[in-house]
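From a predicted model like this one, the values you see are computed outputs, not experimental measurements. Residue numbers start at 1 and run along the sequence shown.
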Amino acid sequence: MRIASTDAAAETTRGVPMPERAEPPVPAADDLAWFTQVVREHSTAIVKYFARRGPRQDAEDLAAEVFATAWRRRDDVPRDAVLPWLYRTAGFTLANHRRKVVDLPVDDVPEAGEARVRADPELSALFDAELRGALLSVGERDRRILLLHAWEGLDGEELGQVLGISRSGADAALSRARKRLREAWGDRLSF
């Protein structure tokens, strides 16, 4: 009977190769430093993003979900465009949160977005009825683009990353959204 070396014995048992032991990876110090810096730089912006769009008491919890996602997917976060990635993730997180909170039977789903807009703190904060009406008439995508630009200060490359389109596509989308808002505003002016 032949005895295998201790290294070979650890890797095989009776001729059957054993899988390597799966230990959870230890985060590198540079990962921790990067993540700490990301949270310091962007936590206020992400909390404000949620506070403008939903119940304020949920803003910090939702922001924490975004940062937890950023930590889990830290290898996927583009180092040169962290904030746009966070905003895009925040949009998905908010959509998931709203789906959890709102339990509507299919028969009760409104055909138009008017009821949703009325309940949206982001739009109700805009106290000017004419502007609210104009924003309502431009459509949900244009409204999102306009508010990301006006409230979050995104344009060009960052806006494109949040929307998942190219910079030129984002510039064109913003231009079209502005034009539609101008037209809607002009049609609604009553003074």
Before giving the answer on side chain to side chain contact (heavy atoms under 4.5 Å, CB included), spell out for Asp31 and Trp71 the whole-Å C-alpha distance, their side-chain angles and the decisive distance to 0.1 Å. CA-CA 9 Å; Asp31 283 346; Trp71 175 251; 4.2 Å; yes

Does the side chain of Leu86 come within less than 4.5 Å of Val82's, by heavy atoms? yes

Heavy atoms, side chains only, cut-off 4.5 Å: are Ile46 and Phe50 in contact? yes

From CA spacing to verdict: salt bridge (charged side-chain N to carboxylate O under 4.0 Å, His left out), Glu140, Arg144: CA-CA 6 Å; Glu140 189 170 335; Arg144 179 177 181 225; over 6 Å; no

Rounded at 0.5 Å granularity, tell me how far [atom1] in [X] sits from [atom2] in [Y].
X      : Y      : atom1 : atom2 : answer
Gln37  : Leu32  : CD    : CG    : 13.0 Å
Arg74  : Thr69  : CZ    : OG1   : 12.5 Å
Asp142 : Arg176 : CG    : CZ    : 8.0 Å
Leu62  : Thr89  : CG    : OG1   : 13.0 Å
Ile145 : Leu181 : CD1   : CG    : 12.0 Å
Arg143 : Leu136 : CZ    : CG    : 6.0 Å

Using the rule given for side chain to side chain contact (heavy atoms under 4.5 Å, CB included), can you reason through Arg53 versus Arg98, listing the C-alpha separation, both sets of side-chain angles and the distance that settles it, and then say yes or no? CA-CA 10 Å; Arg53 291 165 172 80; Arg98 285 181 175 159; 3.9 Å; yes

Tell me whether [Y] is reachable from [X] by hopping between hydrophobic residues (I, L, V, M, F, W, Y) whose side-chain heavy atoms are closer than 4.5 Å.
X      : Y      : value
Val162 : Val47  : no
Leu174 : Leu163 : yes
Leu94  : Phe92  : no

Report yes or no: is the cationic atom of Arg88 (NZ for Lys, CZ for Arg) under 6.0 Å from the centre of the six-membered ring of Trp85, at an angle within 45° of the ring normal? no

Strictly below 4.0 Å, N to O, side chains only: are Glu65 and Arg72 in salt-bridge contact? no

Under the side chain to side chain donor-acceptor pair (under 3.5 Å) rule, collect the residues that match up with Arg79, sequence neighbours excluded. none

Minimum heavy-atom separation for [X] and [Y], please, with both atom names.
X     : Y      : value
Ala45 : Glu152 : O-OE1, 4.4 Å
Ala90 : Val66  : CA-CG2, 3.6 Å
Ala59 : Ala51  : CB-N, 3.7 Å

Is it the case that over 12 heavy atoms from other parts of the model lie below 6.0 angstrom from the CD atom of Glu41? yes

Could you check whether any side-chain N or O of [X] sits under 3.5 Å from a backbone N or O of [Y], counting only pairs where one atom can act as donor and the other as acceptor?
X      : Y      : result
Arg52  : Tyr49  : no
His149 : Leu154 : yes
Arg167 : Gly156 : no

With sequence neighbours excluded, what pairs up with Ser43 under the side-chain contact (heavy atoms from CB on, under 4.5 Å) test? Val39, Phe67

